Amino acid sequence: MSDLFILRNAIRDLLRPRRALTAVLLALLPGVVGLLHHLQWATHRHAHHASRIFEQHGRHAAQHAARARDIFQPYSADGWYTVFSSVLVFHFVLVIMALVFATAIIAQEMEQKTISYLLTRPVPRWRILLTKHAVVVYATTLVTWISCILLGLVTYGPSEILRSRVPLDIAVVPIGALAYCALFTCLATRFHNALVGGLIFVFGWESWVSSLPGNFQLLSLMAYLRVLAPHGELPPDAPITPRLAWIVLTCVIVIGTLGALFIFSRREYVPKDSAE
Amino acid sequence: MISLSHVSRWYGQVIGLNDVTCAFQPGLTALLGPNGAGKSTMLKLITGQLRPTTGSLSVYGERPFANPRLFSRLGYVPDTEGVYTELTGREFVTMLAAMAGLAGSDIDSRTAEAIETVGMTRNADRKIGGYSKGMRQRIKVAQAIVHDPDILVLDEPLNGLDPVARRELAALLQCQADEGKTVIVSSHILYEVEQMTSQIMLLHRSRLLALGDIHEIRALIDRHPHRIAIASPQARELAKRLLDLPFVLSVRLEEASIVEVETRTPDAFYARFPEIVLEGGFKIAAFDSPDNNLESVFNYLIAG
């Protein structure tokens, strides 16, 4: 019974107006960007190409050029989807959702000074945290799925989406959500400003580590995720194999989650003003 | 039941509680002290939110920190105003009743009962965000008593309450104490605490200054003779008569009709005074001991 109320409490936290709005915007972002790009590319390319042909060769040539546009596409739907999915869905929506939601599990209770109610109830601390963490993982997965599907619909259209890369991405998203949420929840149990640290990790480390020479990408969580849902051809001598990716991601999930539960069970959480 | 043995608690370089040894028994105990004395620290140690840096603390023989087994027997009202403002009062108490381990079938009835006890039935279905400070305080008390705990710990529960509400809460707490529960209340409002209980614990600068019955503590403060103020239209004559008593240290005329007596043995004075009044035929308009109260005791102890 108590788990049910902790669950409801966690869901209610996620549905706070600002957080819910953030989630909705993030879910829509890749699809909107994809749509805008699709419209802009189609309009711009057609107008530019047709006008040049018309200038050079007259009206009939311009009409032939317009028909040729439909056959010749330098960028396929796969190409567009790969770019947008990698940059917007995995590198942005997934990690930002995990970061914002996971770091708020404890920060929210501390900020509104309600944590003492939770910690003086006969419910083991690890259960409180695990229930809230599960809700965060679910919410992160759901929002990322929605953004993935919307992008897929815009790029491939409803008839082709099931034969595209979208189903593979959808299968991998929960792994990414579990891994990043485990990491950020663990950080949140230990550090007061976990959100700041998480932002530095996401927009700093994860962004440029793969550009470093050598095998620094082995220290990037996203690098392992990309192996499971490749957005482009993987080089044959890539240091990360799918097997290694599964092992590392599983370790991050297990160690991060257990670490968070351990720390939360043992650390003191007293809102600052009330400590005398 | 609750015992502390040489408990100290540090926050970095700042000491929150310094070598405190004491025990709480069933009944109502008031924990008193100025801001920064260590009251909230002590209550947080007892309620398992903090660990002692040194020393040992036990509640029912167990260490309370992160100990869910104990929390079903504990009710806590924090001093902070933090509550779930988007919930109604009823939802708030219901949630915490469920987390306290109440059976599903009992939750609604016990919630209603707790809300009724604190006088919040009319406003229970409004969001807490719209509550006044006093209403929030009441709903906080409701969540603490909903599961009928054996130990009730309240940190500054009288803050924000109007005098009527304070009396009602004091009566509720006395009732809980009369049922054999251990009730610990911290407060700054000394005169209200005096009405609630005579069992006090005084903290000052993280140290335990005094523990026990207020009157016994007062009697032990030899450095400060007891002052007794007597209003009489025959103040001068009464003053002359009282000066003759061997256990009266000094007599002063405060105003034309008030005599202030100092004595180290108030009991002897109280025993002899009625005889003197009858012998002299004095009219007594008022009789008071201005420093036989908590605030005076507190001030004397702090002053050293």
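These numbers come from a predicted model, not from an experiment. Scope of the values below: all heavy atoms of this structure, side chains included, with no hydrogens, waters or symmetry mates. A, B, ... follow the sequence lines: proteins, then strands. Residue 1 opens every chain.
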Largest heavy-atom contact set with chain A, pairs under 4.5 Å, which of B:Arg69, B:Lys140, B:Glu86: B:Glu86
Portion of A:Leu4 that has a non-hydrogen atom of chain B nearer than 4.5 angstrom: neither
B:Arg205, CZ: over 12 other non-hydrogen atoms inside 6.0 angstrom: no
Contacting moiety of A:Ser265, where chain B heavy atoms sit under 4.5 Å: backbone
A:Arg16 atom CZ, over 12 foreign heavy atoms within 6.0 Å: yes
Closest contact, heavy atoms only, B:Ser72 versus A:Pro122: N-CB, 3.7 Å
OH (B:Tyr60) with more than 12 external heavy atoms under 6.0 Å: yes
Lys/Arg-Asp/Glu bridge criterion (N-O < 4.0 Å) met for A:Glu268, B:Arg9: yes
Geometric cation-pi criterion, A:Arg125 with B:Phe65: 6.0 Å, 45°: yes
Exceeds 12 heavy-atom contacts within 6.0 angstrom, atom CH2 of A:Trp208: yes
When B:Val83, B:Thr47, B:Leu74 are compared by non-hydrogen pairs under 4.5 Å with chain A, the top option: B:Val83
Closest contact, heavy atoms only, A:Pro124 versus B:Pro68: CA-CG, 3.8 Å
Contacting region of A:Glu109 [heavy-atom separation from chain B under 4.5 Å]: side chain
Max heavy-atom pair count under 4.5 Å with chain A, selected residue of B:Leu87, B:Thr94, B:Val77, B:Ile107: B:Leu87
B:Leu17, part contacting chain A, at a heavy-atom distance under 4.5 Å: neither
Aromatic plane relationship, A:Tyr117 with B:Phe92 - under 30° parallel, 30 to 60° tilted, over 60° perpendicular: perpendicular
Where A:Thr120 and B:Phe71 come nearest, the two heavy atoms and their spacing: O-CB, 3.5 Å
For B:Val146 against A:Arg121, the heavy-atom pair lying closest together: CG1-NH2, 4.4 Å
Working for side-chain contact (heavy atoms from CB on, under 4.5 Å), residues A:Arg12 and B:Glu91: CA-CA 12 Å; A:Arg12 195 186 51 249; B:Glu91 286 168 347; over 6 Å; no
Least distance between heavy atoms, B:Thr80 atom then A:Lys113 atom: OG1-O, 3.7 Å
Part of A:Arg266 lying under 4.5 Å from any heavy atom of chain B: both
Gap between atom CD of B:Gln49 and atom CD1 of A:Ile115 - 0.5 Å precision: 9.0 Å
Interatomic spacing from OG in A:Ser116 to CG in B:Asp155 - rounded to 0.5 Å: 10.0 Å
Residue B:Gln143 versus chain A: region with a heavy atom under 4.5 Å: both
